[in-house]
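In the text below, chain A, chain B and the rest are named by the order of the sequence lines, each starting its count at 1. Not measured: the values here are computed from a predicted model. Hydrogens, waters and symmetry mates are skipped; everything else that's a heavy atom, side chains included, is used.
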Number of protein chains: 2
Amino acid sequence: MTGTRKITWDGCPTRYAAGIFGDRWCFLILRDALLHAKRTYSEFLASPEGISTNILADRLSRLEAVGMLERIIDPRKASRVCYFPTRMARDLLPALIAMMVWSTKYDKHTEAPTSFAKAYQSDPLGTIAWYEAEIDRVDAAIRGGDINT
Amino acid sequence: MTGTRKITWDGCPTRYAAGIFGDRWCFLILRDALLHAKRTYSEFLASPEGISTNILADRLSRLEAVGMLERIIDPRKASRVCYFPTRMARDLLPALIAMMVWSTKYDKHTEAPTSFAKAYQSDPLGTIAWYEAEIDRVDAAIRGGDINT
DNA sequence: TATTGCACTTGCAATATGCAAGTAGATCAT
DNA sequence: ATGATCTACTTGCATATTGCAAGTGCAATA
C-alpha cells in the first residue's frame, strides 16, 4: 500500500478512515458497491475509471480483510463470486453522501443534479435509507438466487 | 500522484472527492488544518504519522492548487509561511466528522471518546459550528499578527 | 470435447514514496 | 556585522507501488 510504512492506522479516527479508504481505488470500489449496485469482479473492473485487474484484486481482498466486503461464491453458479458490502461499509453512507454533497458544490463539471444535495439537506436520514433499501434489494435478489439481477 | 494516469477526476461526485483527498496524506493534512489548528510546514511535518518532507511539500502545493489551502507568507516574519484552510476545505467538515463518527464505531483502538459521536448525533450543526469557530479563532490570531498563536 | 466466461496471477517497465542530506533566505545572538 | 539558527523547502537515490499486457485455472456452455 502506498506509504504504509510502519504506521499504526488505528487510534485517531481520521487516520483510521484514511487507512481504510484513503485510497482512490478503495473509494471507488465502495462507491460502486454502495451506490451503483456492483457486486462482481468484472462489474468493478468495468467501471469507467479503468482500474487495473491486479489492483482490483488487491483492493477487493483488502476490503474483505478489514470487513467492508463479504466475498461469497454463488452456490448456484460456482464460477461467480460476489462481494457484498457489509454493515461496516453501509455505515459509511452518511460520510460518502456528505462528500458527494461537497463535490457537487465544488466540481464545476459535476454530473450530479442539484436536486441530489437538496434532497439530502432536507431529509438526510431518508436519503440514506433510500440507498440502504437499494442495497437490500440487490443483495436479496442475488442471495435469493435471482442470478439475472 | 499514485494512480493518476489520464483519469478525469471530475464529473462523478465520488470520483471528484477521491481525486482530491482520496490520498492518505492529503487526508491527514486536512485533518491537521481543520481539526488540530496546524498552519505551518513544520507543524504538519511534526504530525505523529511522520510524513516525509518531500511528500509534504508536494501535497501542500497540490492542496493549494485545488483551492483547499491558501498559502500566505507572514508579513511580519517573512520566514514563516502559513497554510490556511479555505471555505472549500471547511465545507469538508461535515464529511470529515461523519467519517470520524464511523471510525469511532469500528476502530477497536479508537482514542476518540464516545461523547464525540453522541454530541454530533444530537447536534450535528452545532458540532460543525464549533469546529469552524475554532478555525476562525486560530486564523484571526495569526492574521491579526499574534505570531505566538 | 472445445470454447467461452469469470476471477484472478504473473512479469516487467514506469512511477511514486521514504529517507537522508543539502540549499536558500530570514532572523537571532553576540 | 557576522556567524549560528530557523523555516521552508529541494535533491538524489534505493525501494515500493502501479499500470499494462499476457497468462492461468476452474466452471459453465455449446
Original post:
Which whole-number value in Å describes the distance from B/I55 CD1 to D/dT15 P?
Top reply: 17 Å
Original post:
Between atom CG in A/L63 and atom P in C/dA7, what is the gap in whole Å?
Top reply: 16 Å
Original post:
Expressed in angstrom and rounded to an integer, what is the separation of A/W25 atom CH2 from D/dC20 atom C1'?
Top reply: 13 Å
Subject >> Sidechain N-carboxylate O distance under 4.0 Å for B/D136, B/R90 >> reply: yes
**OP:** Tell me what A/F44 touches on the nucleic acid: a base, only sugar-phosphate, or nothing, going by heavy atoms under 4.0 Å.
**Re:** nothing
Original post:
Choosing from C/dT9, D/dC9, C/dA7, which nucleotide comes nearest the side chain of B/R71?
Top reply: D/dC9
Subject >> Under 4.0 angstrom between A/R59 side-chain N/O and D/dT17 OP1 or OP2 >> reply: no
**OP:** Give none if D/dT11 has no partner; otherwise give the nucleotide forming a Watson-Crick or G-U wobble pair with it, both distances under 3.5 Å.
**Re:** C/dA20
**OP:** With the side chain of B/Y41 defined as its heavy atoms from C-beta on, choose the nearest nucleotide among D/dC9, C/dC19, C/dA7.
**Re:** D/dC9
Original post:
What class does the angle between the rings of A/W9 and B/W25 fall in, given that below 30° is parallel, 30 to 60° is tilted and above 60° is perpendicular?
Top reply: tilted
**OP:** For the residue pair A/Y131 and A/F116, categorise the inter-ring angle as parallel (less than 30°), tilted (30 to 60°) or perpendicular (more than 60°).
**Re:** perpendicular
Original post:
Which nucleotide sits closest to the side chain of B/S52: D/dA27, C/dC19, D/dT18?
Top reply: C/dC19
Original post:
How do A/D58 and A/S79 order along DNA chain D: which one's closest nucleotide is nearer the 5' end?
Top reply: A/D58
Subject >> d(CG, A/N54; C1', C/dC6) in whole Å >> reply: 17 Å
Subject >> Atom-pair distance (CG on B/L56; C1' on D/dT7), nearest Å >> reply: 12 Å
Subject >> Mutual orientation of the aromatic rings belonging to B/F44 and B/Y83 [parallel < 30°, tilted 30-60°, perpendicular > 60°] >> reply: perpendicular
Subject >> N/O (side chain, A/Y83) to phosphate O (OP1/OP2, C/dC6) under 4.0 Å >> reply: no
Original post:
Can you check the B/L60 CG to D/dC9 P distance for me, whole Å?
Top reply: 7 Å
Subject >> Sugar-phosphate only, base, or nothing, as touched by B/S42 at under 4.0 Å among non-hydrogen atoms >> reply: sugar-phosphate
**OP:** Could you tell me whether A/R143 sits above the aromatic face of A/F84, with NZ or CZ closer than 6.0 angstrom to the six-membered ring centre and within 45 degrees of the axis?
**Re:** yes
Subject >> Nearest-neighbour nucleotide for the A/V81 side chain, C/dC8, D/dG19, C/dT17 considered >> reply: C/dC8
Subject >> Length of the line joining B/D74:CG and C/dT27:P, which is rounded to integer Å >> reply: 9 Å
Original post:
B/L45 has an atom CG; how far is it from atom P of C/dA20, in whole Å?
Top reply: 13 Å
